Amino acid sequence: MELPQHHDVVLLLGAPGAGKGTQARFLAETLGVPHVASGDLLREHRNRGDELGKAAQVYMDRGDLVPDTLVVDMIMHRLNEPDAADGALLDGFPRTIGQAHALDAALVERGLPIRRAVYLEVSRGTLTDRLSGRWTCPSCQSTYHDRFSPSPAAPLCGRCGGVLYQREDDRREAVENRINVYLRDTTPVIDHYDRLGVLARVNGDGEIEQVRDALRLAVDPVPVPVPAHVAA
Ligand code: AMP
């Protein structure tokens, strides 16, 4: 089923391990907009060893959030690129209420409505299980799970042949911290978009295809404009 190509912004919210990365690529293709993942962008900066990457590394390794000013600047910079002029799928951003307010104001300025903020809901036990067995490709960012969805070419990436690695923050202590940080900082973001009337909750506990179908339905309805007062 092809969706009509509305151009606007969709937010993908969900705890680490909820499956945002797995679903986001497909969702962005369906929507015809670029996939903008704050975690992927931060890892690119870190791998390049630039100023932002160095500043972000210590927070990322602990599973803490990178300060708002750094992340907001990085995302705004990305949204200024020509391919994002008509919309984007934002994955992992906003994660704090400060980031949400900065984003809302920037989108009102650009006249881009938020079509949906989709919250991928997954139980805590599932999150821990998924994250602590996760392996990531450094080249194409594909993720696998050593029990649930192993790479057909393990220890290499089944898609591009990169050598899979376990992210520092996918180790168990960091995983627990990331989930706690998420519950503390991102729950208010979910409430915020609920109040604005753009939130859709999708059960992320099911099979990949089931979740994919539910997401497709969740982003189908007509766009909802962000009310101008949120820019104030
Ligand atoms: P992720 O790949 O989305 O799990 O992100 C990995 C790490 O990058 C997080 O644990 C944070 O340290 C950092 N990060 C990603 N997105 C954000 C964000 N929106 N705000 C602050 N830190 C972020």
Side-chain angles (χ1 to χ4, degrees), residues 9-25 27-28 35-48 50-79 88-107 114 117-120 122 124 126-145 164-190 192-193 204:
V9 171
V10 169
L11 312 180
L12 191 53
L13 309 169
K20 298 189 301 294
T22 303
Q23 300 290 350
R25 249 175 262 272
L27 202 55
H35 168 212
V36 174
S38 49
D40 288 352
L41 290 174
L42 285 168
R43 280 185 287 278
E44 279 169 26
H45 283 281
R46 198 185 54 188
N47 293 346
R48 280 202 296 271
D50 60 20
E51 284 295 305
L52 171 57
K54 282 187 213 151
Q57 168 131 26
V58 50
Y59 299 97
M60 294 174 77
D61 284 349
R62 283 200 302 253
D64 288 335
L65 291 185
V66 175
D68 281 356
T69 45
L70 298 179
V71 181
V72 167
D73 280 358
M74 175 186 78
I75 292 287
M76 294 311 155
H77 199 257
R78 177 65 186 87
L79 291 180
L89 173 70
L90 292 182
D91 165 3
F93 179 92
R95 282 250 238 293
T96 65
I97 200 72
Q99 293 177 14
H101 287 148
L103 176 68
D104 293 349
L107 293 181
I114 292 181
V118 184
Y119 175 35
L120 206 49
V122 172
R124 186 171 179 131
T126 307
L127 295 176
T128 313
D129 281 354
R130 284 187 186 167
L131 287 175
S132 42
R134 185 161 80 169
W135 291 80
T136 301
C137 174
S139 311
C140 74
Q141 309 294 333
S142 292
T143 53
Y144 301 92
H145 192 280
L164 300 177
Y165 76 109
Q166 188 169 42
R167 276 168 44 178
E168 190 63 38
D169 58 351
D170 281 344
R171 294 170 203 272
R172 195 161 278 271
E173 317 73 61
V175 161
E176 293 298 332
N177 185 40
R178 282 162 72 200
I179 296 172
N180 291 337
V181 164
Y182 177 81
L183 293 174
R184 187 190 65 209
D185 292 338
T186 312
T187 304
V189 175
I190 293 160
H192 169 73
Y193 287 110

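Everything numeric in this text was worked out from a predicted model, so none of it was measured. Read the numbers this way: they start at 1 and go in the same order the structure lists the ligands and their atoms.
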Side-chain touch V72/H101, heavy atoms, less than 4.5 angstrom: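 A side-chain contact is absent here, since even the closest heavy-atom pair is not under 4.5 Å.
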Straight-line distance of [X] [atom1] to [Y] [atom2], nearest 0.5 Å:
X	Y	atom1	atom2	value
Q23	L89	CD	CG	11.0 Å
K20	L120	NZ	CG	8.0 Å
R46	L52	CZ	CG	11.5 Å

From R124, R62, R171, residue fulfilling salt bridge (Lys or Arg N to Asp or Glu O under 4.0 Å) relative to E176: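 Single salt bridge (Lys or Arg N to Asp or Glu O under 4.0 Å) partner of E176 among R124, R62, R171: R124.
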Side chains of D104 and Y193, donor plus acceptor under 3.5 Å: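 Indeed, the side chains of D104 and Y193 share at least one donor-acceptor pair under 3.5 Å.
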Ligand 1: protein residues within heavy-atom distance under 4.0 Å: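 Ligand 1 is contacted, at a heavy-atom distance under 4.0 Å, by S38, G39, L42, R43, M60, D64, L65, V66, V71, G92, F93, R95, Q99, R167, D169, R178.
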